[in-house]
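This report refers to the structure that appears directly beneath it.
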Amino acid sequence: MTPTGIMTFSLSTNIFLALAKITWSHRIHSVSMLADGYHALLDSVSGILCLAALLVAQKPPDKDHPYGHIRFEALAQLGVSALLLFTGYEVLSRTYDQFHNQITPNVTSGSYVIMLLAMAVQTITMSLEKVVYKKTGNALVHSDALHFQSDILSSFTVLAGLVASGLGYPVIDEIAGLAIAILIGHAGWELMREGTKILSDHSPLDPQEIIEIALSTPGVKSCYQTRSRGSLSHITMDMTVGVDGSLTVSQAHGIAHLVESRIREKHPAVVEVIIHIEPNQTEEEHHVTPYSH
C-alpha cells in the first residue's frame with residue numbers, strides 16, 4: 001500500500017469512528033465519548049490536510065520550487081499539531097462543563113460495543129501505517145500512526161470511564177475526559193516538535209557517521225564540512241572530500257560518485273549528495289568552523 005493509499009484509508013476510518021462516537025455520546029450523555037468523537041472528527045480534518053500536503057510534496061521540482069515541495073509535509077505537521085492542541089482545549093472545556101453541571105452518563109451495552117469496535121479498527125489502521133512507514137519512511141504516515149496510537153489509548157480511557165460510570169462512579173467519566181485532553185495535547189506537542197525540526201534544518205544524520213563512510217572509501221584522504229537536512233524520508237546533504245591533488249578531474253569525480261553511492265546504500269532516504277572535491281589538506285589548513293565537522 002502506498003502512502004497516499006494508507007492516508008485515504010485512515011481518513012475514511014476516522015470519519016466513520018467520529019460519527020459513531022459523537023452520535024452515541026449524545027444519546028448516553030458521556031463527555032469522554034463525546035470528546036473522543038470530536039477528537040476523531042478533527043483527526044479527519046487533519047487527515048485531509050495531510051493527504052493534500054502529501055500530494056503536493058510528491059510534485060517534482062519546478063521553476064518556483066527548484067528543491068521540490070517536500071517541506072509542505074512539515075507545514076502540514078504544524079497544522080495538524082495546532083488542531084490537536086485546539087482539540088485538547090475543547091476537551092478540557094467540555095469536561096469542566098459536565099463536572100460543573102453534574103451530568104451523569106447513561107451507559108448501555110451498546111456503548112461498550114462501539115468503543116471496542118473503535119479500538120479494533122484503530123489498531124488495524126495503526127499497524128498498516130507502521131508497515132507503510134517502514135517501507136517508505138514517509139513522515140506524514142508516521143505522524144498519522146502516532147495519532148492512532150494516542151487514539152487507542154484515548155478510546156481505552158473512555159471505555160474505562162464508561163465501565164466505572166456503569167458501576168456508579170460517574171466522576172470517572174470526567175477524569176477520563178481530562179486524561180484524553182492530556183494525551184491529545186502531548187500528541188500535538190510531539191508533532192509540532194518534529195515539524196519544527198524539519199523547517200529549521202535540524203540535521204537528521206550524524207555527521208561523524210557520514211565522515212566514517214567517506215573515509216572508508218578508496219581514494220578519500222579527508223572529509224569535513226558534512227551537513228544534512230530534511231525529513232526521515234527525504235534527506236539532502238553536502239560535504240567536502242579531500243583527495244590526492246595529482247588525480248585527474250575524471251578520477252576525482254569517480255571517487256565522489258563512489259562516496260555518494262555508499263552513503264545512499266547506508267541511508268536510502270538520502271536523495272541528493274553534493275560533494276565538493278579539494279586537494280587533501282587538514283581541517284586546520286581549511287579553517288573549518290566548529291559546527292562543520
Side-chain angles (χ1 to χ4, degrees), residues 3 53-54 56-78 81 133-143 190-245 247 249-293:
L54 186 60
V56 174
Q58 290 176 342
K59 292 173 60 178
D62 54 33
K63 181 180 178 180
D64 295 325
H65 302 85
Y67 293 98
H69 301 76
I70 194 65
R71 290 202 179 190
F72 279 93
E73 288 189 5
L75 289 174
Q77 281 185 292
L78 293 182
S81 68
Y133 171 66
K134 287 182 179 179
K135 291 182 179 179
T136 65
N138 187 274
L140 284 180
V141 173
H142 183 225
S143 298
E190 286 297 315
L191 285 182
M192 181 176 291
R193 189 169 61 88
E194 289 184 13
T196 302
K197 279 185 177 181
I198 296 174
L199 293 177
S200 62
D201 287 337
H202 179 272
S203 178
L205 298 178
D206 179 11
Q208 189 58 42
E209 181 187 1
I210 300 302
I211 291 175
E212 291 175 0
I213 293 175
L215 292 178
S216 68
T217 304
V220 174
K221 303 298 183 179
S222 60
C223 177
Y224 37 88
Q225 291 182 309
T226 59
R227 301 183 298 179
S228 63
R229 63 181 180 176
S231 66
L232 294 179
S233 63
H234 190 281
I235 301 173
T236 59
M237 59 177 300
D238 58 86
M239 59 199 301
T240 298
V241 169
V243 299
D244 191 327
L247 296 179
V249 173
S250 179
Q251 290 173 324
H253 175 74
I255 293 174
H257 181 73
L258 183 57
V259 171
E260 179 180 353
S261 297
R262 289 193 170 191
I263 292 174
R264 287 188 172 184
E265 181 180 353
K266 181 69 174 180
H267 299 283
V270 174
V271 296
E272 182 179 17
V273 183
I274 299 176
I275 301 178
H276 178 62
I277 294 291
E278 288 190 351
N280 183 43
Q281 54 187 320
T282 65
E283 294 187 13
E284 290 74 15
E285 291 174 330
H286 192 73
H287 303 294
V288 178
T289 55
Y291 56 82
S292 299
H293 295 282

Are [X] and [Y] packed together at the side-chain level, in the sense that at least one heavy-atom pair is separated by less than 4.5 angstrom?
X      : Y      : result
Gln225 : Asp238 : no
Thr217 : Val241 : no
Met237 : Ile274 : no
Ile255 : Val220 : yes
Ile213 : Val259 : no
Val273 : Ile275 : yes

Under the salt bridge (Lys or Arg N to Asp or Glu O under 4.0 Å) rule, what pairs show up with a residue in residues 256-265, not counting sequence neighbours?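 Listed once each, the pairs are Glu260-Arg264.
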
Distance-only donor-acceptor check, side chains His253 and Gln251, under 3.5 Å: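 Judged by distance alone, the side chains do not pair up.
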
Evaluate the criterion side chain to side chain contact (heavy atoms under 4.5 Å, CB included) for residue pair Ile210 and His267; output intermediate values, then yes/no. CA-CA 10 Å; Ile210 300 302; His267 299 283; 4.2 Å; yes

Rounded distance (nearest 0.5 Å) linking atom OH of Tyr224 with atom NE2 of His276: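 Those atoms lie 7.5 Å apart.
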
Atom pair CZ (Arg193) and OG (Ser81), whose distance is rounded to the nearest 0.5 Å: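 Result: 12.0 Å between the selected atoms.
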
Compare every heavy atom of Ile277 with every heavy atom of Ala252, then report the nearest pair and how far apart it is.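 In this case the closest contact between Ala252 and Ile277 is CB-CG2, 3.9 Å.
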
